[in-house]
Amino acid sequence: MSQLKVYNSYTRQKEVFEPLVKGHVGMYVCGPTVSGESHLGHSRPYITFDVIYRYFQHMGYKVRYVRNITDAGHFEEEGREAEDKISKKAVIEKLEPMELVQKYTNLFHWAMLQFNNIEPNIEPTATGHIVEQISMIEKIINDGFAYVVNGSVYFDVKKYAEHHEYGKLSGRKIDELLETTRNLEGQNEKRNKQDFALWKAAPPEHIMRWKSPWGEGFPGWHIECSAMATKYLGPEFDIHGGGMDLLFPHHESEIAQSTICNGHTPARYWLHNNMITINGKKMGKAYNNQIMLTQMFSGDHPLLEKGFSPMTIRFFILQTHYRSTLDFSNEALLAAERGLRRLWDAYEVLQKLPVSGSEKASDTGLDEKVKKLVGEFEEFINDDFSTAKVLANMFELAPVINGIKDKHISDTALSSQTLQLMKTAFKTYLEDIFGLRNETETNSGKLDRVMQLVIDIRKEARGKKDYATSDKIRNQLQELGIILKDEKGGEMSYSFD
RNA sequence: GGUCCUGUGGCCGAGUGGCUAGGCAGAGCUCUGCAAAAGCUUCCACAGCGGUUCGAAUCCGCUCGGGACCUCCA
């Protein structure tokens with residue numbers, strides 16, 4: 001039994017994972033800001049850490065998985081207008097902020113369900129933990145590492161750096177930050193440019209606001225994670241995860257805040273997933289290259305040739321190591337789709353193979369090979385969750401499985417133990433750990449394709465003046481509540497009544 | 001500009017100095033009413049230039065290219 005090793009961003013090396021408390025794992029993952037719809041890039045951390053969560057459970061740990069919802073306090077543009085991202089969008093859409101938050105939270109949950117992600121054990125919201133955030137800020141002020149200016153509170157990074165190591169996680173030096181930090185308007189409230197807001201005073205028009213010892217305002221972005229992680233996982237816990245883009249300033253700031261409040265770095269292991277890129281560029285709002293998850297599923301996007309199912313996307317993500325960038329392309333998704341089908345077909349064949357075989361393998365060479373490949377599953381996943389390598393081994397086993405089915409390979413070639421071992425391992429890894437499942441037939445995209453087929457058949461029938469068939473199709477569809485309309489130029493469309 | 005990461009065959013991607021990664025696509029064959037699926041075989045690599053080494057995709061240096069962070073960000 002090999003030991004689990006994880007790459008710790010904090011120490012920049014792979015380390016043997018040892019839980020703080022025997023048998024338990026505390027894991028915090030930065031969740032979504034629910035001011036908008038999730039895009040493909042967002043799916044990566046949640047799928048990655050879902051697999052990690054599942055694997056810890058598989059190993060027998062009792063896991064507490066906390067993933068927050070950022071529904072307040074995340075600045076669109078720090079300093080300038082002191083405007084909350086959530087409330088800004090709300091004004092545009094003429095919605096109550098919480099209505100907007102609810103809408104996108106629901107959408108997010110729906111997407112997680114599509115991906116077969118297990119819900120976290122606790123999903124705290126920033127707005128639900130204002131009290132905890134305020135008390136944490138008070139502690140930082142009392143300890144002299146934050147200061148109040150005009151109702152806002154800033155963390156004094158320079159002072160912190162005099163007493164603690166600052167910038168270790170992101171590999172940054174405070175002097176360099178001084179030189180490179182952009183000079184934003186509103187910076188004049190800060191003592192130093194690299195200071196970050198713990199609390200911002202709310203201007204009169206700001207809708208989302210809470211009372212605080214410093215006046216009405218709203219929390220800074222970084223403090224929510226510190227407050228909620230501390231509350232639910234304690235001052236020190238095992239895993240902190242998130243996207244690599246959060247390394248700085250978000251996680252660096254979390255470390256500083258928690259160090260002041262709790263005496264040390266919050267997490268023992270910092271795990272970061274890499275970005276999903278599109279034509280080599282990170283997918284994100286700033287680049288205007290996002291493909292929303294709803295669009296991924298439906299195919300309704302200029303860059304998409306077709307829709308891709310949630311499981312295809314999940315498989316696509318698992319086929320590469322989580323710390324590597326993953327470039328989106330139709331071709332790559334198409335390859336993933338076909339690959340997954342091939343693997344899943346083999347898996348289903350495997351589960352149906354009878355194990356009544358012999359105790360002894362008639363082909364010991366093959367038997368050994370299978371045992372080796374299956375045995376490596378654990379070795380690979382223990383090596384910083386190398387899902388891609390596990391999948392590669394499964395693909396290598398597929399010809400063996402299909403060979404037995406097609407009788408190219410004798411059903412006594414493998415010992416019954418080996419066959420059983422393979423069956424169990426495939427189920428455990430594919431379903432339990434990787435969280436893959438058979439696609440359901442309820443894809444809306446599929447219905448669309450079926451309808452297109454029906455329409456094509458009807459067109460052909462009409463072309464041959466086979467109106468009996470043509471009318472049969474239209475009338476029976478109508479009985480099902482689907483209206484077919486013949487449009488000009490021989491085109492047809494359908495709608496539901 | 002600073003810090004860090006990265007460059008593998010048509011595409012995607014593993015790769016811990018010596019041993020076939022794997023998938024998708026392509027080609028051929030077997031099976032097959034046709035097709036699909038499946039099986040077998042096969043083509044195509046390690047950005048460039050130096051260096052270390054008996055031996056380098058793998059270590060070192062330089063050059064060129066790509067990216068991330070430094071500002072909201074998964």
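Chain letters run A, B, ... following the sequence lines, proteins first, then strands; residues in each count from 1. These values consider heavy atoms only, across backbone and side chains, with no hydrogens, waters or symmetry-generated copies. Treat the numbers as computed from the prediction; the structure is a model and nothing was measured.
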| request: Starting at the 5' end of nucleotides 20-41 of chain B, put B wherever the base has a protein heavy atom under 4.0 Å, S where only the sugar-phosphate does, and a dash everywhere else. | output: -BSBSS------------SSS-
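- Heavy atoms of A:Leu343 sit nowhere under 4.0 angstrom from any nucleic acid atom.
- Geometric assessment of A:Lys306 against the ring of A:Phe308 yields a positive cation-pi assignment under the 6.0 Å and 45° thresholds.
- Looking at A:Asp383, its side chain never comes within 3.5 Å of a backbone N or O of A:Ser386 through a donor-acceptor pair.
- Between B:A68 and B:G50, the two P atoms lie 32 Å apart (nearest whole Å).
- For A:His222 and A:His251, the ring centers are positioned 6.0 Å apart or more.
- Using the six-membered ring where Trp is involved, A:Tyr28 and A:His240 have ring planes that are tilted, between 30° and 60° apart.
- A donor-acceptor pair shorter than 3.5 Å can be found between the side chains of A:Thr277 and A:Asp327.
- Searching all strands for a Watson-Crick or G-U wobble partner of B:C4 with both distances below 3.5 Å returns B:G67.
- Using a 4.0 Å heavy-atom criterion, one finds that A:Met244 contacts no nucleic acid atom at all.
- For B:G39, the paired nucleotide is B:C29, the pair qualifying as Watson-Crick or G-U wobble because both relevant distances are below 3.5 Å.
- The nearest whole Å value for the distance from the CG atom in A:Asn288 to the P atom in B:C72 is 19 Å.
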Where do N or O atoms of nucleotides 63-65 of chain B meet protein N or O atoms at under 3.5 Å, pair by pair?
none

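- Closest approach to the A:Thr320 side chain among B:A14, B:G2, B:A74 is made by B:A14 (side chain taken as heavy atoms from C-beta onward).
- Annotation: cation-pi geometry satisfied between A:Arg191 and A:Tyr147 (NZ/CZ under 6.0 angstrom from ring centroid, within 45° of ring axis).
- Pairing for B:A57 is absent, with no Watson-Crick or G-U wobble pair whose two atom distances lie under 3.5 Å.
- Applying the ring pair (Phe, Tyr, Trp, His ring centres under 6.0 Å) test between A:Phe115 and each of A:Phe49, A:Phe297, A:Tyr46 identifies A:Phe297 as the sole match.
- The closest donor-acceptor contact from the side chain of A:Asp71 to the backbone of A:Thr127 lies under 3.5 Å.
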